[in-house]
Number of protein chains: 2
Amino acid sequence: MKKTTANIDLRKAGLKVTLPRISILEILEEAEQHHMSAEDVYKTLLSNGNEVGLATVYRVLTQFEAAGLVTRHHFDGGQAIFELDTGDNHDHIVCLKTGKVAEFKDEAIETRLMEIAAELGYTLSDHKIVLYGEVKDPDEKQTRLKITN
Amino acid sequence: MKKTTANIDLRKAGLKVTLPRISILEILEEAEQHHMSAEDVYKTLLSNGNEVGLATVYRVLTQFEAAGLVTRHHFDGGQAIFELDTGDNHDHIVCLKTGKVAEFKDEAIETRLMEIAAELGYTLSDHKIVLYGEVKDPDEKQTRLKITN
DNA sequence: CTAGGTGCAAACATTTTGCATGGTT
DNA sequence: AACCATGCAAAATGTTTGCACCTAG
């Protein structure tokens with residue numbers, strides 16, 4: 001099924017096509033909430049019947065990050081959060097009540113950030129914006145979370 | 001000397017005025033590079049001749065954060081970075097070459113972020129922007145780092 | 001005097017690494 | 001067959017906590 005896609009991505013990254021890597025890619029692709037900690041991925045693997053060690057999950061996620069397949073975030077404390085790098089380099093808004101993460105992208109802001117970096121004498125290579133707030137109407141959370149997808 | 005100021009801040013926060021707390025406040029106030037990890041603060045204390053435990057540094061920094069005196073950042077991985085909360089809620093730009101952190105603040109962006117949050121149905125309570133780049137002219141680094149102070 | 005603060009060491013949580021075994025190309 | 005990947009357990013970080021002692025108010 002999806003293995004074809006995954007295989008291509010992995011080969012392009014110069015990584016052998018192994019079961020743990022395929023499974024992890026698929027999990028990241030198919031997860032409803034696609035912002036996952038290594039532990040989240042690990043638990044999903046287990047409940048899918050995949051026998052993969054947590055160390056391998058970390059190793060694979062780190063390799064994926066190096067290959068540009070995955071992005072690593074450090075939203076608040078504790079664990080790192082990973083998500084598939086779709087190339088659109090979006091930003092995030094975290095609900096302080098539910099912990100859920102939504103995405104957005106705004107050209108005006110990106111343009112302004114580049115100007116600011118230039119004014120400060122920097123060559124800008126990346127940026128991260130994280131907004132913290134609360135969803136006004138929790139019942140519409142689902143919808144709102146999908147708003148930028 | 002500065003103890004008066006520190007005392008006031010501490011009392012306002014409902015914290016007893018102790019040597020470790022005063023010293024840590026002073027370090028954060030006076031450090032050239034005022035974005036410091038707990039370890040940085042700890043080492044500075046030691047080299048200043050203050051006998052304070054690392055655990056105390058963490059406890060004090062956490063209390064300061066709760067009291068609104070200090071802000072905690074998670075720029076990339078590893079350790080948390082602390083800085084005095086001056087109330088201006090500025091954002092940061094990190095040099096990927098030198099690791100140095102500079103600050104900036106832009107009303108246009110803040111306004112736009114509030115709009116975005118509202119559009120997404122969120123009540124915005126905070127935001128963090130981190131730019132990653134390289135200083136074009138390293139020799140002027142000092143100056144540029146001070147640009148927003 | 002009493003509540004709260006501190007140092008130290010142990011506990012924790014997360015992530016990384018060494019090494020022998022196993023799978024891909 | 002050669003090399004890379006994996007699992008496990010141990011180690012390495014970074015941060016928190018329990019406890020006996022100490023100190024500011």
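We name chains A, B, ... by the order of the sequence lines, and we start the count at 1 in each one.
- Not a single side-chain contact (heavy atoms from CB on, under 4.5 Å) links B:Ala66 to another residue, sequence neighbours left out.
- Rounded to whole Å, atom P of C:dT16 lies 14 Å from atom CD of B:Gln79.
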Determine whether A:Leu84 and A:Thr71 satisfy the following criterion, side-chain contact (heavy atoms from CB on, under 4.5 Å), listing intermediate values before the conclusion. CA-CA 6 Å; A:Leu84 227 47; A:Thr71 305; over 6 Å; no
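- Atom CD of A:Glu29 is separated from atom CD1 of A:Ile24 by 12.0 Å, given to the nearest 0.5 angstrom.
- Residues forming a side-chain contact (heavy atoms from CB on, under 4.5 Å) with B:Thr86 (at least two apart in sequence, or on another chain): B:Asp88, B:His90.
- Comparing the axis of the opening five pairs of the helix from C:dC1-D:dG25 to C:dT25-D:dA1 with that of the closing five pairs yields an angle of 40°, rounded to 10°.
- For the residue pair B:His35/B:Gln33, the side-chain donor-acceptor check at 3.5 Å is satisfied.
- Applying the side-chain contact (heavy atoms from CB on, under 4.5 Å) criterion to B:Glu39, with sequence neighbours excluded, gives B:Ser37, B:Tyr42, B:Lys43, B:Leu54.
- A donor-acceptor pair shorter than 3.5 Å cannot be found between the side chains of B:Gln79 and B:His74.
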Would B:His92 and B:His73 count as a side-chain contact (heavy atoms from CB on, under 4.5 Å) if you check the C-alpha gap in whole Å, the side-chain angles of each, and the deciding distance to 0.1 Å? CA-CA 10 Å; B:His92 297 87; B:His73 301 284; 3.4 Å; yes
Kindly give the atom pairs (protein nitrogen or oxygen, nucleotide nitrogen or oxygen) under 3.5 Å for nucleotides 21-25 of chain C.
from	atom 1	to	atom 2	distance (Å)
C:dG23	N2	A:Lys16	NZ	3.0
C:dT24	O2	A:Lys16	NZ	3.3
C:dT25	OP1	A:Val17	N	3.3

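- Considering CD1 of B:Ile129 and NZ of B:Lys105, their distance stands at 9.5 Å, rounded to 0.5 Å.
- With sequence neighbours excluded, the residues that form a side-chain hydrogen bond (donor to acceptor under 3.5 Å, both in side chains) with A:Gln63 are A:Arg21.
- At distances below 3.5 Å, not a single donor-acceptor pair connects side-chain atoms of B:Asp85 with backbone N or O atoms of B:Leu69.
- Using a 4.0 Å cut-off on heavy atoms, the residues of residues 54-64 of chain A that approach DNA chain D are A:Ala55, A:Thr56, A:Arg59, A:Val60, listed by number.
- Using a 4.0 Å cutoff on non-hydrogen atoms, the parts of residues 39-53 of chain B near DNA chain C are B:Glu51, B:Val52, B:Gly53, ordered by number.
- Residues passing the side-chain contact (heavy atoms from CB on, under 4.5 Å) test with A:Asp106 are A:Ala108, A:Ile109, B:Arg112, B:Ile116, sequence neighbours excluded.
- First and last contacts of DNA chain D with chain B, using any nucleotide atom under 4.0 Å from a protein heavy atom and ordered 5' to 3', fall at D:dG14 to D:dG25.
- Applying the side chain to side chain donor-acceptor pair (under 3.5 Å) definition to pairs two or more places apart or across chains, those involving residues 46-62 of chain A are A:Thr62-A:Arg72.
- For B:His127, there are no ring-ring contact (aromatic ring centres under 6.0 Å, His included) partners two or more places apart in sequence or in a different chain.
- From A:Leu28, atom CG reaches atom CE of A:Met36 across 6.5 Å, with rounding to the nearest 0.5 Å.
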